[in-house]
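Remember, predicted model here, so these are calculated numbers, not experimental data. Numbers here simply count residues along the sequence, with the first being 1. First listed ligand is number 1; within each ligand, the first listed atom is number 1.
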Amino acid sequence: MPIVIDSDACIGCETCVELCPDVFEMDSEGEKAVVITPDAADDCVDEAIDTCPSEAIIKE
Ligand code: SF4
């Protein structure tokens, strides 16, 4: 189940990057989060999914 971010929904709060820096980073403009490790199974991914204020992180 690859991890994806709905970039239209992402508000760029950086919470996922703080929780899980090996999986998420901000894009070059610093406006949206992007997934750098789509197949990560880290516990922090679930925490980020639960914490994201815009429910923009999805496991497909
Ligand atoms: S936690 Fe959600 S809204 Fe915040 S940067 Fe990550 S994907 Fe975007």
Side-chain angles (χ1 to χ4, degrees):
M1 292 200 298
I3 304 156
V4 295
I5 290 179
D6 178 347
S7 60
D8 289 334
C10 174
I11 59 169
C13 70
E14 301 190 28
T15 300
C16 56
V17 178
E18 290 169 11
L19 287 171
C20 222
D22 292 338
V23 180
F24 303 102
E25 68 181 16
M26 298 309 289
D27 65 13
S28 55
E29 287 85 35
E31 293 181 351
K32 305 279 185 177
V34 293
V35 180
I36 54 175
T37 315
D39 58 350
D42 308 41
D43 288 344
C44 62
V45 173
D46 290 328
E47 191 177 354
I49 289 171
D50 290 342
T51 307
C52 173
S54 55
E55 299 183 358
I57 308 169
I58 304 153
K59 278 187 188 172
E60 289 191 327

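Close approach to Ile11 involves these atoms of ligand 1, each under 4.0 Å from a residue heavy atom: 3 (S), 8 (Fe). Close contacts of ligand 1 with Cys10, meaning ligand atoms under 4.0 Å from a residue heavy atom, involve 3 (S), 5 (S), 7 (S), 8 (Fe). Residue Ser54 approaches ligand 1 through these ligand atoms, each under 4.0 Å from one of its heavy atoms: 3 (S). Contact atoms of ligand 1 toward Ile57: 7 (S) (distance under 4.0 Å to a heavy atom of the residue). Heavy-atom contacts of Ala33 reach the following atoms of ligand 1: 5 (S), 6 (Fe) (cutoff under 4.0 Å).
Closest heavy-atom contact between Ile57 and Ala48: CD1-O, 3.7 Å. Contact between Ala40 and Val23 at its shortest, heavy atoms only, is CB-CG2, 3.5 Å.
Counting only distance, with no hydrogens or angles, the side chain of Lys32 and the backbone of Ser7 share a donor-acceptor pair below 3.5 Å. A donor-acceptor pair is defined here as one N or O able to donate and one able to accept, closer than 3.5 Å; no such pair exists between the side chain of Asp42 and the backbone of Val45. Between the side chain of Thr37 and the backbone N or O of Asp22, at least one donor-acceptor pair lies under 3.5 Å.
Between atom CD of residue Glu31 and atom SG of residue Cys10 there is a gap of 10.0 Å, rounded to the nearest 0.5 Å.
Among the atoms of Cys13, none of the N, O or S atoms falls under 2.8 Å from atom 2 (Fe) of ligand 1. Not a single N, O or S atom of Cys16, from either the backbone or the side chain, sits less than 2.8 Å from atom 8 (Fe) of ligand 1.
In Glu14, the part holding a heavy atom less than 4.0 Å from any atom of ligand 1 is the backbone.
In terms of protein heavy-atom proximity, atom 2 (Fe) of ligand 1 is closest to Cys52 SG, 2.3 Å.
On the SG-SG cut-off of under 2.5 Å, Cys20 and Cys44 qualify.
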